[in-house]
Amino acid sequence: MTDRIISVTVTNEEQAFIDEQLASGRFADEAEVLRAGLARLEHEEKVAALRAVIAEADAQFDRGEYVTFDSADAAADFIIEQAQTLR
């Protein structure tokens, strides 16, 4: 990955927060603070997407759209068959 240099304008409050993070010793520089914030945002987006998938699965279950299995082997076979249809 190639690093890029960008310029970011922050409010006084945001700069104060960055300064607090640096003073705590948790981060070595402002770039690390901003990267941590971006990583948190990316994580939150992934969690939101996962929650949406779970909500849809719950709705499908409530509508009776599910499959039951008599054994773990039968479940595994079903999963393998479904995966093969995605290829």
Side-chain angles (χ1 to χ4, degrees):
M1 170 177 43
T2 303
D3 291 343
R4 290 190 53 202
I5 297 174
I6 63 171
S7 174
V8 178
T9 303
V10 297
T11 65
N12 290 336
E13 292 81 12
E14 291 165 338
Q15 184 63 55
F17 180 77
I18 292 169
D19 293 341
E20 288 172 14
Q21 298 305 304
L22 294 173
S24 75
R26 183 172 173 199
F27 301 98
D29 56 37
E30 292 173 331
E32 281 190 11
V33 176
L34 295 176
R35 281 193 295 272
L38 290 170
R40 175 66 186 255
L41 178 60
E42 182 178 13
H43 173 76
E44 288 176 4
E45 287 184 358
K46 289 177 181 178
V47 168
L50 181 57
R51 285 185 175 149
V53 169
I54 291 169
E56 176 56 25
D58 284 343
Q60 288 173 332
F61 182 81
D62 290 343
R63 293 190 303 264
E65 299 172 2
Y66 57 89
V67 178
T68 57
F69 302 99
D70 295 329
S71 68
D73 286 340
D77 290 342
F78 177 80
I79 292 169
I80 291 168
E81 290 171 13
Q82 292 297 308
Q84 289 173 344
T85 65
L86 297 175
R87 291 183 185 189

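By convention here, the first residue in the shown sequence is residue 1.
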| field | Stepwise side chain to side chain donor-acceptor pair (under 3.5 Å) test for Glu30 and Gln21 | value | CA-CA 9 Å; Glu30 292 173 331; Gln21 298 305 304; over 6 Å; no
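Counting non-hydrogen atoms of other residues, nucleotides and ligands closer than 6.0 Å to CZ of Phe69 gives a total above 12. Remark: Leu86 CG is packed, more than 12 non-hydrogen atoms of other residues, nucleotides or ligands lying under 6.0 Å away. The number of heavy atoms from other shown groups lying within 6.0 Å of CG (Asp62) is above 12.
Counting side-chain heavy-atom gaps under 4.5 Å among Ile, Leu, Val, Met, Phe, Trp and Tyr, the cluster of Phe61 also holds Tyr66.
Gln84 places no side-chain N or O within 3.5 Å of a backbone atom of Glu81 that could act as its donor or acceptor partner.
Note that CD1 of Ile79 is 9.0 Å distant from CD of Gln82, once rounded to the nearest 0.5 Å. Rounded to the nearest 0.5 angstrom, Arg35 CZ and Asp29 CG are separated by 6.0 Å. Here CD of Glu44 is found 11.0 Å from CD of Glu42. Values are rounded to the nearest 0.5 Å. In this structure, the separation between CD on Glu14 and OG1 on Thr9 is 10.0 Å, given to the nearest 0.5 Å.
Note on Val8: it does not cluster hydrophobically with Leu41, by side-chain heavy-atom contacts below 4.5 Å among ILVMFWY residues.
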Would you tabulate the side-chain donor-acceptor contacts of residues 48-59 under 3.5 Å, counting partners in other chains and residues two or more places apart, or write 'none'?
| residue | atom | partner | partner atom | Å |
| --- | --- | --- | --- | --- |
| Glu56 | OE2 | Arg63 | NH2 | 3.2 |

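Shown here for Val67 and Phe78, the closest heavy-atom pair between the two residues is CG2-CZ, 4.2 Å. Across all their heavy atoms, Ser71 and Ala74 have their closest contact at OG-N, 3.1 Å.
Glu32 places none of its side-chain heavy atoms less than 4.5 Å from the side chain of Arg26.
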